[in-house]
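Sequence lines set the chain letters: A, B, ... in the order given, protein chains first and strands last, and positions in each chain run from 1.
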Amino acid sequence: MDERIEGEVKEKTPLNFLERIIEDDLANNRVPGNTIVTRFPPEPNGYLHIGHIKSICLNFGLAQAYQGRCHLRLDDTNPEKEDVEYIESIKRDIRWLGFDWGPYEYHASDYYQQLYEIAVRLIKEGKAFVDSLSAEEMKEYRGTLTEVGKNSPYRDRSIEENLALFEEMRQGRHPEGSLVLRAKIDMSSPNINLRDPVLYRIKFASHPRTGDTWCIYPMYDFTHPISDAIEGITHSICTLEFEDHRPAYDWATSIDGIEHAPHQYEFARLNINYLVMSKRRLLNLVKLGIVDGWDDPRMPTISGIRRRGYSPESMKDFVSRIGVAKVESVVDYSLLEFCVREDLNKRAERLMVVLDPIKLVIDNYPEDTVEYFEAVNNPEDPQSAVHQIPFTRELYIEREDFMEIPPKGYHRLYPGNEIRLKYAYYVTATSLVKDDAGNVVEVHCTYDPLSRGGSTPDNRKVKGTSHWVSATQGVNIEARLYDKLFATEYPGESTGNYLDDLNPESLQVIKDAKAEPEILRAKVGDYLQFIRNGYFCVDCKDSTTDHPVFNRTVTLKDSWAKLKQKMGI
RNA sequence: UGGGAUGUAGUGUAAUGGUAACACUGCAGAUUCUGGUUCUGCCUUUGGGGGUUCGAAUCCCUCCAUCCCAGCCA
């Protein structure tokens, strides 16, 4: 990588600690073939969520940045929890983010035979033994955080006996839980992961890929490092909770016969305020039917946010902004919103839609006329196309855009006030119609024919502009509006419940949460809709594209809401 | 109370012995055919205490705080 050394084009973007390690390894010729090899190793026991995006971007991104490669490895060593549905969803989600593992798709289960042979070798070398202790007994023998453990009484079985028993385990001649294969390391180690860790356990579950070929399955601490070694991984990047496992990792990669010894590095996983981000809880939401499925737009899963209409670019931008470090941190939800908003602002096509309609009648506008106005699809995009919007005597405007008695500072429509109907005309409210309960049901106004197109010859200004939809030409749509992603609670509406478990009580909390979608019916003019304080998005599950014209709600910088509070509306 | 890690504005992340900075948030103001967008400005930071040094966020000592580990899960 000489270019990098010579290149004084030195980007100002600072390196994160992993990039520093890699550059240092490269500079000191510690990387075989000078090729960086990383891997993204999800267990196919659920759908990928936002937190995984960080890991994906890190592993694939690092490989990309240093012209190396990144393997996709499905860490499928626990058939009881894993499923092909998850495997497929994982691949789809990674591709959606724009990453490609090329031919490097692996499964930990590909290595079952090799792993088995290594285990047999360990037994022959006296470095592993078959233990007959029950799970409970093993726990007792393991000791505690502060007390050392003691050797299993079966630790000194002869090599022949171990070999025979392990073979019998493999043949399925022993019930689950009766025997395990353990490494002989050190029961007095202060690191519990080194107290003779279990290497193999018996499970008669059918594996998604290997079916019933095996009834003994290798454990993570044995499988992962060896899989990394087999694949020639140079930098094995995982989350902080595996720090304590690094000695076990190094133990496994130093087994005789394993030539390549990769290194494990840990970084802090992504946490976002208020977001539910554990697979267990997400699975619970799905199982209990609280959401439609893993791709429900309220889910913080990759498939969920895709259905919401978030773009992969915005997610990658988000990840690049949060950085990488070893400090356990909690990122503000507002940063996620910022990234999505910024991205959608550039790409989302605007359409006018009235969510909470109130009728506006233009008394001096001809009854049967339909006039068309041209609107830009996306004002932020110079190349944006336009579309035509029908304008008629009777319209709908947003209920919040009219007030009979306006507070100070309100500059939308109120009796006597003139505002602009976006793209169309200036109108002045003249009178209103109320129902028996005193609610305003209709607002009457007059328009200024000279203001056609949204401006007047005398150049007079209006302070307010409102979106609208033709009451007679508009289209009715039904959409589900979503606010934030599924969360335990939101700022300012603390429930004090962090959803430790999805018990009936916390279910109530979920239902109270803002994330619950509301069904709405809106009058829409000629496919349109509009965005006031950000983006309004509807579920785009049935849409033909990932980025439907308007897709759900990212919520927004709601300064109008704050102003309303100040004005006391 | 064993071991492993981590402490920089409200939140993240830089600065790797040489003027503490960037983004988000928040607060002001300007612009605006939507109170959005855009633009401008402002606020607030090295966990505490010692030490080394001309000079410490950075090195040393110590204290404190937080997180992880006792699955036949990953």
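Looking at heavy-atom distances under 4.0 Å, K566(A) makes contact with sugar-phosphate atoms alone, never a base. Residue L194(A) is classed as having no contact, given no heavy-atom separation below 4.0 Å to the nucleic acid. Heavy atoms of V148(A) sit nowhere under 4.0 angstrom from any nucleic acid atom. Using a 4.0 Å heavy-atom cutoff across all strands shown, K564(A) reaches no nucleic acid atom at all. Among the heavy atoms of the strands lying under 4.0 Å from V180(A) is at least one base atom, whether or not backbone atoms are also near. Counting any heavy atom pair closer than 4.0 Å across all strands shown, E380(A) reaches a base atom. Residue S334(A) is in sugar-phosphate contact alone, with no base atom involved, counting any heavy-atom pair closer than 4.0 Å across all strands shown. Residue contacts shown for R420(A) include a base, since a base heavy atom lies under 4.0 Å away. Among the atoms of the strands shown, base atoms are found under 4.0 Å from some heavy atom of A135(A). Contact annotation for G177(A): base contact, defined as any heavy-atom pair under 4.0 Å involving a base atom. The residue Y410(A) sits close to a base: some heavy atom pair falls under 4.0 Å. When heavy atoms are screened at a 4.0 angstrom cut-off, G149(A) is found touching no nucleic acid atom at all.
With a 3.5 Å limit on both pairing distances and Watson-Crick or G-U wobble geometry required, the stems of 3 or more pairs in RNA chain B span B:2-7 with B:64-69, B:10-13 with B:21-24, B:26-30 with B:38-42, B:47-51 with B:59-63.
In this structure, R246(A) atom CZ and rA5(B) atom P are separated by 7 Å, rounded to whole Å. In this entry the distance linking CD of Q264(A) with C1' of rA5(B) reads 13 Å, nearest Å. Distance NZ (K562(A)) to C1' (rG36(B)): 13 Å, rounded to an integer number of Å. Between the CD atom of E337(A) and the P atom of rC24(B) there is a distance of 14 Å, rounded to whole Å. Atom CE of M219(A) is separated from atom C1' of rC72(B) by 6 Å (rounded to the nearest Å).
Checked by atom type and distance alone, the side chain of D196(A) pairs as donor or acceptor with a backbone atom of I185(A) at under 3.5 Å.
By the side chain to side chain contact (heavy atoms under 4.5 Å, CB included) test, N78(A) pairs with E43(A), E80(A), K81(A), E82(A), R201(A), K203(A), sequence neighbours left out. Take S89(A) and apply the side chain to side chain donor-acceptor pair (under 3.5 Å) test, not counting sequence neighbours, and it matches no residue. Looking at residues two or more places apart in sequence or on another chain, you find a side chain to side chain contact (heavy atoms under 4.5 Å, CB included) between S278(A) and R280(A), R281(A). Take D448(A) and apply the side chain to side chain donor-acceptor pair (under 3.5 Å) test, not counting sequence neighbours, and it matches R460(A). For D221(A), the side chain to side chain donor-acceptor pair (under 3.5 Å) partners are H245(A), not counting sequence neighbours. Contacts of N193(A) classified as side chain to side chain donor-acceptor pair (under 3.5 Å), with partners at least two apart in sequence or in another chain: N191(A). Residues forming a salt bridge (charged side-chain N to carboxylate O under 4.0 Å, His left out) with D250(A) (at least two apart in sequence, or on another chain): none. Shown here are the side chain to side chain contact (heavy atoms under 4.5 Å, CB included) partners of D332(A), two or more places apart in sequence or in another chain: N273(A), S334(A). N16(A) pairs by the side chain to side chain contact (heavy atoms under 4.5 Å, CB included) definition with L18(A), E19(A), V324(A), not counting sequence neighbours.
Listed candidates were rA23(B), rU11(B), rG7(B). Nearest to the side chain of V327(A) is rG7(B). Closest to the side chain of D332(A), from the set rU37(B), rU6(B), rU11(B), is rU11(B). Across rA74(B), rG35(B), rU37(B), the shortest atom-to-atom separation from the side chain of N345(A) is found for rU37(B).
Stacking of the aromatic ring of H224(A) onto the base of rA74(B) is not found under the criterion of centres within 5.5 Å and planes under 30°.
Each of F17(A) and L335(A) was assigned the nucleotide of RNA chain B with the nearest heavy atom; the assignment lying further toward the 5' end belongs to F17(A). Nucleotides of RNA chain B nearest to V324(A) and F338(A) differ in position, and the one nearer the 5' end is that of V324(A).
In this model, the phosphate group of rU13(B) is approached by a side-chain N or O of S329(A) to a distance below 4.0 Å at OP1 or OP2. Note on T77(A): a side-chain N or O is less than 4.0 Å away from OP1 or OP2 of rA74(B). Residue K203(A) has a polar side-chain atom (N or O) positioned under 4.0 Å from OP1 or OP2 of rC73(B).
For the C1' atom pair drawn from rA14(B) and rG7(B), the interatomic distance equals 16 Å after rounding to whole Å. Comparing the same atom, C1', in rC68(B) and in rU62(B) gives a spacing of 24 Å after rounding to whole Å.
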Open item on the list: Checking D228(A) against R73(A) for the salt bridge (Lys or Arg N to Asp or Glu O under 4.0 Å) test, could you report, in this order, the C-alpha distance in whole Å, the side-chain angles of both residues, the deciding distance, and whether it holds?
Closed with: CA-CA 9 Å; D228(A) 281 349; R73(A) 181 166 68 235; 2.5 Å; yes
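Counting non-hydrogen atoms of neighbouring residues, nucleotides and ligands closer than 6.0 angstrom, the CZ atom of R452(A) exceeds 12 such neighbours.
Of the options D401(A), I358(A), I397(A), T428(A), a side-chain contact (heavy atoms from CB on, under 4.5 Å) to L413(A) is made by I397(A) and by none of the others.
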All N/O pairs under 3.5 Å across the protein-nucleotides 67-69 of chain B interface:
residue: rC67(B); atom: O2'; partner: E328(A); partner atom: OE1; Å: 2.9
residue: rC67(B); atom: O2'; partner: E328(A); partner atom: OE2; Å: 2.3
residue: rC68(B); atom: O2; partner: D244(A); partner atom: OD2; Å: 3.4
residue: rC69(B); atom: O4'; partner: D244(A); partner atom: OD2; Å: 3.4

Write down the protein N/O and nucleotide N/O pairs, taken from nucleotides 41-44 of chain B, whose separation is under 3.5 Å; answer none if there are no such pairs.
none

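Close placement of the Y112(A) and H207(A) rings is indicated, their centers lying within 6.0 Å of each other.
Not a single donor-acceptor pair, N or O on each side, falls under 3.5 Å between the base of rG35(B) and the side chain of E400(A). Residue R201(A) places no side-chain atom within donor-acceptor reach of the base of rG71(B), judged by atom type and a 3.5 Å distance cut-off alone.
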